[in-house]
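I have placed the structure first, in the form of structure tokens, so that the comments after it can refer back to it.
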Amino acid sequence: ELIPQATLFTDIIVGFSSEGEAEFQNTVAAMNEFRFNMAYIAMYSPRPGAASYRWENEVATDDKKDRLHRLSEVMKIHSRLYNESLLGKTVKVLVNGTDRKTGFSTGLTEGKLIVRLDRKDDALMGKIVDVKITSAADFSMSGELQKVRNGQSQ
């Protein structure tokens, strides 16, 4: 409520030793409660030297893969819903690269969300620009360049 444009990121490990379905469902519930914009989700794997390395790894690899997939699907839903809430709005974007799709630049919002700009312009690299969001996907958005923040129109 205090910072409506704030974004939330997290790291999650699924299949940690002795994680049962109930514990996993608690993780899903937390994902739904906090509505993270991004989560880096990984399957647990024992690391030599870590205390958990000596524990029994009771979660089967197939279960870990299933949980990774299920949690990733929840993450996609929340990411897309948030990105769709920005449709038609103008956001500040730091241009930081060229998109793999020819003719487009990319950048990050203040909340570190990926935005594809409607043009490629090397002069924009490193600049903060206003972008009107025109489409939203699971983990990114696209938009039209409105202006460069130093006052110059484009």
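Counting begins at 1 with the first residue of the sequence.
- For the residue pair N37 and F9, the shortest heavy atom distance occurs at CB-CE1, 4.3 Å.
- A salt bridge links K120 with D122: the distance from a Lys NZ or Arg NE/NH1/NH2 to an Asp or Glu carboxylate oxygen falls below 4.0 Å.
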Please report the C-alpha distance between V129 and Q146 in whole Å, then the side-chain angles of each, then the deciding distance to 0.1 Å, and finally whether the side chain to side chain contact (heavy atoms under 4.5 Å, CB included) criterion is met. CA-CA 7 Å; V129 299; Q146 300 296 298; over 6 Å; no
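- Between the CD atom of Q25 and the CD atom of E19 there is a distance of 10.0 Å, given to the nearest 0.5 Å.
- Residues V59 and V14 do not share a hydrophobic cluster, defined by chaining ILVMFWY side chains whose heavy atoms lie under 4.5 Å apart.
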Evaluate K89 against I133 for side chain to side chain contact (heavy atoms under 4.5 Å, CB included), listing each step before the verdict. CA-CA 6 Å; K89 296 181 180 172; I133 302 301; 5.6 Å; no
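- Ring orientation note: the planes of W55 and F16 are nearly perpendicular, at an angle over 60° on the 30°/60° scale.
- Under a 4.5 Å side-chain heavy-atom criterion applied to ILVMFWY residues, the cluster that includes I114 comprises L108 as well.
- In this structure, V115 is a member of the same hydrophobic cluster as L87, with clusters built from ILVMFWY side-chain heavy atoms closer than 4.5 Å.
- Here the OG1 atom belonging to T106 is positioned 11.5 Å from the CG atom belonging to L124, to the nearest 0.5 angstrom.
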Output a table of donor-acceptor pairs, distance under 3.5 Å, between side-chain atoms of residues 41-48 and any protein atom two or more places apart or on a different chain; print 'none' if there are none.
from	atom 1	to	atom 2	distance (Å)
Y44	OH	S52	O	3.4
Y44	OH	S52	OG	3.0
S45	OG	R47	NH1	2.9

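- Proximity of a side-chain donor or acceptor of S105 to a complementary backbone N or O of R119 within less than 3.5 Å is detected.
- Rounded to the nearest 0.5 Å, atoms CZ (R67) and OG (S72) are 14.0 Å apart.
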Please report the C-alpha distance between L113 and V91 in whole Å, then the side-chain angles of each, then the deciding distance to 0.1 Å, and finally whether the side chain to side chain contact (heavy atoms under 4.5 Å, CB included) criterion is met. CA-CA 11 Å; L113 302 176; V91 297; over 6 Å; no
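- One hydrophobic cluster, built from ILVMFWY side chains closer than 4.5 Å, cannot hold both F24 and I13; they sit in different ones.
- Residue F104 is not grouped with residue F139 when hydrophobic side chains (ILVMFWY) are merged at heavy-atom distances under 4.5 angstrom, including chains of intermediate members.
- The shortest side-chain heavy-atom distance between T61 and K65 falls under the 4.5 Å cut-off.
- Here D63 pairs with nothing under the salt bridge (charged side-chain N to carboxylate O under 4.0 Å, His left out) rule; sequence neighbours left out.
- Distance check: T7 OG1 to N83 CG gives 10.5 Å after rounding to the nearest 0.5 Å.
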Under 3.5 Å, which donor-acceptor pairs link side chains of residues 26-36 to any protein atom two or more places apart or in another chain?
from	atom 1	to	atom 2	distance (Å)
T27	OG1	E23	O	3.4
N32	OD1	H78	NE2	2.8
N32	ND2	V28	O	3.4

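- Here I77 sits in one hydrophobic cluster together with L81; the rule is ILVMFWY side chains under 4.5 Å apart, joined directly or through other members.
- Atom CD of E110 is separated from atom NZ of K92 by 4.0 Å, given to the nearest 0.5 angstrom.
- Atom CE of residue M141 and atom OG1 of residue T134 lie 10.5 Å apart, to the nearest 0.5 angstrom.
- Judged as a salt bridge (charged side-chain N to carboxylate O under 4.0 Å, His left out), and not counting sequence neighbours, D118 has no contacts.
- Between K76 and E73 there is a salt bridge, since a side-chain N of the basic residue sits under 4.0 Å from a carboxylate O of the acidic one.
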Decide yes or no on side chain to side chain contact (heavy atoms under 4.5 Å, CB included) for I12 and M75, but give the supporting numbers first. CA-CA 11 Å; I12 297 174; M75 179 65 256; over 6 Å; no
